[in-house]
Amino acid sequence: VQLQASGGGLVQAGGSLRLSCAGLGRIFSDSNVAWFRQAPGKVREFVAVITRRGGWRDYAESVKGRFTISGNYAQNTVSLQINSLKPEDTAVYYCAAKSGVVAYSEREYDYWGQGTQVTVSS
């Protein structure tokens, strides 16, 4: 089971990026998939989650209205559309998956992607 995150980059404040998480060998329709991020010198924090089959989504307060998580289960991918980027969004973004109930703690997630760097310049 592997998760592969991609789509990060360097962008100016106010810009947009679309991150993608591909599930290799895992069917996302049976998993809750979340994005977390870790800024330099800070702990990894929850960003967004989409439940199995995309039935429900939730976001951290700091990203509500700017980030959108979505699933393309035919292609076994979960995406994170990031708009109105701010310098404080600079971090390594990770996708993670788990079965069972939805969770917000990184400790609850069994499978992780390698992370993709998002850097926002002011």
Between [atom1] on residue [X] and [atom2] on residue [Y], distance to nearest 0.5 Å:
X    : Y    : atom1 : atom2 : result
K98  : S105 : NZ    : OG    : 10.0 Å
L80  : S70  : CG    : OG    : 8.5 Å
T51  : D58  : OG1   : CG    : 10.0 Å
Q38  : Q117 : CD    : CD    : 10.5 Å
W112 : C21  : CH2   : SG    : 10.5 Å
S122 : L85  : OG    : CG    : 13.0 Å

Looking at side-chain heavy atoms only, is the closest gap between [X] and [Y] below 4.5 Å?
X   : Y   : value
V49 : F36 : no
V92 : R44 : no
S20 : S79 : yes

Heavy atoms only: give me the nearest [X]-[Y] pair and the separation to one decimal.
X   : Y    : value
A34 : Y109 : CB-OH, 3.4 Å
N32 : G100 : ND2-O, 2.7 Å
I69 : R57  : O-NH1, 3.0 Å
N83 : S16  : OD1-OG, 3.0 Å
L3  : Q114 : O-OE1, 3.7 Å

Q | Residues in salt bridge (Lys or Arg N to Asp or Glu O under 4.0 Å) contact with E88, at least two apart in sequence or another chain | A |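 For E88 there are no salt bridge (Lys or Arg N to Asp or Glu O under 4.0 Å) partners, ignoring immediate neighbours.
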Q) Any chain of hydrophobic side-chain contacts (each under 4.5 Å) joining I82 to V11? A)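 Yes, I82 and V11 fall within the same hydrophobic cluster.
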Q: Write out all pairs satisfying ring-ring contact (aromatic ring centres under 6.0 Å, His included) with one or both partners inside residues 64-96, taking only residues at least two apart or from two chains.
A: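 Applying ring-ring contact (aromatic ring centres under 6.0 Å, His included) to every pair that reaches into residues 64-96, excluding sequence neighbours, yields nothing.
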Q.
Before you tell me yes or no, could you show the steps for Q81 and L17 under side-chain contact (heavy atoms from CB on, under 4.5 Å), namely the whole-Å CA-CA distance, both residues' side-chain angles and the distance that decides it to 0.1 Å?
A. CA-CA 6 Å; Q81 178 67 39; L17 283 173; over 6 Å; no
Q. Hey, do the aromatic rings of F46 and Y59 have their centres closer than 6.0 Å?
A. no
Q: Would you confirm whether T90, through its side chain, and V120, through its main-chain N or O, come within 3.5 Å as a donor-acceptor pair?
A: yes
Q) For the side-chain contact (heavy atoms from CB on, under 4.5 Å) test, which of L19, T116, V63 pairs with R37? A)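 Only match with R37 under side-chain contact (heavy atoms from CB on, under 4.5 Å): V63.
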Q: For N72, check side chain to side chain contact (heavy atoms under 4.5 Å, CB included) against everything at least two apart and list the hits.
A: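 Partners of N72 by the side chain to side chain contact (heavy atoms under 4.5 Å, CB included) criterion, ordered by chain and then number, come out as A74, Q75, T77.
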